A.B. asks: 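Before I ask anything, here is the structure I am working with.
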Amino acid sequence: LLSTFPAGTGVAPRFSADGSRLALGGRGLVRMWDVAQGRVQWSATLKDGQDASSVVDLDPSPDGSRLLVAMGAGQAYELQAGDGAILHRLAVTSASVLTTARYDHAGRRVVIGDRSGVTTLWSPADGRTRELRQHVGEVRSAEFSPDGATVLTSGRDGTARLWDAATGDLLDTLSAHGNSMPEPPFRAAAFRPDGEAVLTGSTDGVIHETTLPLETRSPQQIAAILGCLVPWRLDGDEAAPASPAEAACSGNSGGAR
């Protein structure tokens, strides 16, 4: 046993990438523990008005220079990892309680989940935000793909969802599980390290691996398939019968998803 932290002072512990420091949360307080010396390097008090909400998640940046802090009262902070100074602060307007927060693999963007079912993309350097809204109920995990192009979220609604990290568009929904995803700090949706598949698990006790991309056909190919399967076309604002040419639809009947 190397160290013991009193109840309520070791919330959401996260090691730095090199393992030399351990970030610890509490009620309105973040501390950085020097592992080798066994002492507190610095502590920072984070209060919203007169109240001090609890830390719910911590994430060191990949280069170890910053620390991401998610607070229960809908506040997120980016701190200087060397001394705890506040670099940036975000009040998540959709949330009364945050659930999770993670950097992308370059340390430039942040994804934040909350109990209202909204996922927020945040760029601390310029303050830009974007909201992703599809989950019904609490967002329980959120992370970027290794290349930063996609965001994976999971929720109380038992689904995992894939989003375009640049536009915020919903790319696909994985609904293989019959039960909800586990509550934080447990995380049961993650990209495989090579980014070519996602693993999801839930309280149903089942793990699924889903290979990416889920859809490999172009929009034009999908439109051609749907045109052959749907016997209607738009004529102005009216639906009119459609009779696609048999030659144009040969080979296109193979099961649109």
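All of these numbers come straight from a predicted model, not from anything done at the bench.
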A.B. asks: Looking only at the side chains, is there a donor atom on one of Ser141 and Ser154 sitting less than 3.5 Å from an acceptor on the other?
C.D. replies: yes
A.B. asks: In the structure I gave you, are the side-chain heavy atoms of Val111 and Trp122 within less than 4.5 Å of one another anywhere?
C.D. replies: no
A.B. asks: For the residue pair Asn179 and Ser202, confirm or rule out a side-chain donor-acceptor distance under 3.5 Å.
C.D. replies: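 On atom types as modelled, these side chains do not qualify, holding no pair under 3.5 Å.
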A.B. asks: Apply side chain to side chain contact (heavy atoms under 4.5 Å, CB included) to the pair Ile86 and Leu46, showing each step before the final yes or no.
C.D. replies: CA-CA 9 Å; Ile86 297 175; Leu46 304 175; 3.7 Å; yes
A.B. asks: If we check salt bridge (Lys or Arg N to Asp or Glu O under 4.0 Å) with Glu78, which of these qualifies: Arg108, Arg66, Arg89?
C.D. replies: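 Among Arg108, Arg66, Arg89, the one meeting salt bridge (Lys or Arg N to Asp or Glu O under 4.0 Å) with Glu78 is Arg66.
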A.B. asks: Does the side chain of Thr99 come within less than 4.5 Å of Arg115's, by heavy atoms?
C.D. replies: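 Result yes, sub-4.5 Å side-chain heavy-atom pair found.
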A.B. asks: Do Thr100 and Arg187 pair up side chain to side chain, a donor and an acceptor below 3.5 Å, judged on atom types alone?
C.D. replies: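 Yes.
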A.B. asks: Give the C-alpha distance, both sets of side-chain angles, the deciding distance and a yes or no for side chain to side chain contact (heavy atoms under 4.5 Å, CB included) between Val35 and Phe15.
C.D. replies: CA-CA 9 Å; Val35 175; Phe15 280 104; 3.9 Å; yes
A.B. asks: Any donor-acceptor pair under 3.5 Å linking the side chain of Asp114 with the backbone of Val118?
C.D. replies: yes
A.B. asks: Check whether Trp163 reaches the backbone of Thr119 with its side chain - one donor and one acceptor, N or O, closer than 3.5 Å.
C.D. replies: no
A.B. asks: Here's a test for you: under side chain to side chain contact (heavy atoms under 4.5 Å, CB included), which of Leu162, Asp172, Val198, Leu199 qualifies with Thr210?
C.D. replies: Val198
A.B. asks: Do the non-hydrogen side-chain atoms of Arg31 and Phe5 ever get within less than 4.5 Å of each other?
C.D. replies: yes
A.B. asks: Give a yes or no answer on whether the side chain of Asp235 reaches the backbone of Glu238 with a donor-acceptor pair at less than 3.5 Å.
C.D. replies: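 No, the answer is negative, given that no donor and acceptor are paired below the 3.5 Å cut-off.
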A.B. asks: Which atom names give the shortest non-hydrogen contact between Val11 and Gly8, and what distance separates them?
C.D. replies: CG2-O, 4.0 Å
A.B. asks: Can you check whether Thr211 reaches Glu196 side chain to side chain, under 4.5 Å on heavy atoms?
C.D. replies: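 Not in contact.
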A.B. asks: Identify the two heavy atoms, one from Asp57 and one from Ala12, that lie closest to each other, and give their separation to 0.1 Å.
C.D. replies: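 The pair with the smallest heavy-atom distance is CA-CB, 3.8 Å.
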A.B. asks: With the 4.5 Å side-chain cut-off for hydrophobic clustering, are Leu90 and Val110 part of the same group?
C.D. replies: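 Yes, it is one cluster - the side chains of Leu90 and Val110 are joined through contacts under 4.5 Å.
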A.B. asks: So which heavy atom on Pro13 is nearest to which on Leu22, and how close?
C.D. replies: CB-CD1, 4.0 Å
A.B. asks: Does any N or O in the side chain of Thr45 come within less than 3.5 Å of the main-chain N or O of Leu29, such that one atom is a donor and the other an acceptor?
C.D. replies: no
A.B. asks: What's the shortest heavy-atom distance between Gly148 and Arg109, and which atoms?
C.D. replies: O-NH2, 2.6 Å
A.B. asks: Out of curiosity, Arg156 CZ to Arg140 CZ, how far, rounded to the nearest 0.5 Å?
C.D. replies: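 The CZ atom of Arg140 is 6.0 Å from CZ of Arg156, to the nearest 0.5 Å.
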A.B. asks: Are side-chain heavy atoms of Arg161 and Val151 found at a separation under 4.5 Å?
C.D. replies: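 Counting from C-beta outward, Arg161 and Val151 never come under 4.5 Å.
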A.B. asks: Would you give the length of the straight line joining atom OG of Ser116 to atom CZ of Arg133, rounded to the nearest 0.5 angstrom?
C.D. replies: 6.5 Å
A.B. asks: For Pro184 and Glu138, work out which heavy atoms get closest and say how close.
C.D. replies: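 Residues Pro184 and Glu138, closest heavy atoms: CD-OE2, 3.7 Å.
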A.B. asks: Please check this pair: side chain of Arg21 against backbone of Met32, looking for a donor-acceptor N/O pair closer than 3.5 Å.
C.D. replies: no
A.B. asks: After noting the C-alpha distance and the side-chain angles of Arg192 and Glu209, does the key distance pass the salt bridge (Lys or Arg N to Asp or Glu O under 4.0 Å) rule?
C.D. replies: CA-CA 9 Å; Arg192 205 167 65 188; Glu209 181 182 48; 3.0 Å; yes
A.B. asks: Would you compute the distance between atom OG of Ser175 and atom NE2 of His208 and round it to the nearest 0.5 angstrom?
C.D. replies: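 Rounded to the nearest 0.5 Å, the OG-NE2 separation comes out at 10.5 Å.
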A.B. asks: If two hydrophobic side chains count as joined below 4.5 Å and joins carry through other members, does Tyr103 share a cluster with Leu121?
C.D. replies: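 No, no single cluster joins them.
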A.B. asks: Distance-only, no hydrogens or angles: does the Ser123 side chain make a donor-acceptor pair with backbone N or O of Gly127 under 3.5 Å?
C.D. replies: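 Checking the backbone N and O of Gly127 against the side chain of Ser123, no donor-acceptor pair under 3.5 Å is found.
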A.B. asks: Ser54 side chain to Gly72 main-chain N or O, any donor-acceptor pair under 3.5 Å?
C.D. replies: no
A.B. asks: How far apart are the C-alpha atoms of Leu67 and Tyr77, what are their side-chain angles, what is the distance that settles it, and do they pass the side chain to side chain contact (heavy atoms under 4.5 Å, CB included) test?
C.D. replies: CA-CA 8 Å; Leu67 178 67; Tyr77 294 85; over 6 Å; no
A.B. asks: State, with a plain yes or no, whether a side-chain heavy atom of Thr203 is found less than 4.5 Å away from one of Phe186.
C.D. replies: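 With C-beta onward as the side chain, the pair stays apart.
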A.B. asks: Just so I know, are the side chains of Thr200 and His177 near enough to count as touching, which here means a heavy-atom distance under 4.5 Å?
C.D. replies: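 Yes - at least one pair of side-chain heavy atoms lies under 4.5 Å apart.
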A.B. asks: To the nearest 0.5 Å, what is the distance between OG on Ser65 and CG on Leu87?
C.D. replies: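 So the OG of Ser65 and the CG of Leu87 are separated by 8.0 Å.
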A.B. asks: Taking all non-hydrogen atoms of both residues into account, name the closest pair between Leu79 and Gly84 and its distance.
C.D. replies: CD2-O, 3.9 Å
A.B. asks: Do the side chains of Leu152 and Val139 join up, straight or via other hydrophobic residues, at under 4.5 Å, putting them in one cluster?
C.D. replies: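 Different hydrophobic clusters.
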A.B. asks: Any luck finding a side-chain donor-acceptor pair between His135 and Thr153 under 3.5 Å?
C.D. replies: yes
A.B. asks: Please walk me through it: do Arg102 and Glu143 pass salt bridge (Lys or Arg N to Asp or Glu O under 4.0 Å)?
C.D. replies: CA-CA 6 Å; Arg102 286 290 185 270; Glu143 67 173 61; over 6 Å; no
A.B. asks: How many angstroms lie between OG in Ser16 and CG in Asp63, if you round to the nearest 0.5 Å?
C.D. replies: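 Rounded to the nearest 0.5 Å, the OG-CG separation comes to 11.0 Å.
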A.B. asks: State yes or no: do Trp42 and Val55 share one hydrophobic cluster built from I, L, V, M, F, W and Y residues joined by side-chain heavy-atom distances below 4.5 Å, directly or via other members?
C.D. replies: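 Yes, it is one cluster - the side chains of Trp42 and Val55 are joined through contacts under 4.5 Å.
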A.B. asks: Looking at side-chain heavy atoms only, is the closest gap between Leu24 and Thr9 below 4.5 Å?
C.D. replies: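 Heavy-atom side-chain distance check fails, nothing below 4.5 Å.
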A.B. asks: Same hydrophobic cluster for Leu68 and Ile112, using side-chain heavy-atom links shorter than 4.5 Å among ILVMFWY?
C.D. replies: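 Yes: a chain of side-chain contacts under 4.5 Å links Leu68 to Ile112.
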A.B. asks: Would you please name every residue forming a side chain to side chain contact (heavy atoms under 4.5 Å, CB included) with Val56, sequence neighbours left out?
C.D. replies: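 Only Ala70, Leu98 meet the side chain to side chain contact (heavy atoms under 4.5 Å, CB included) criterion with Val56.
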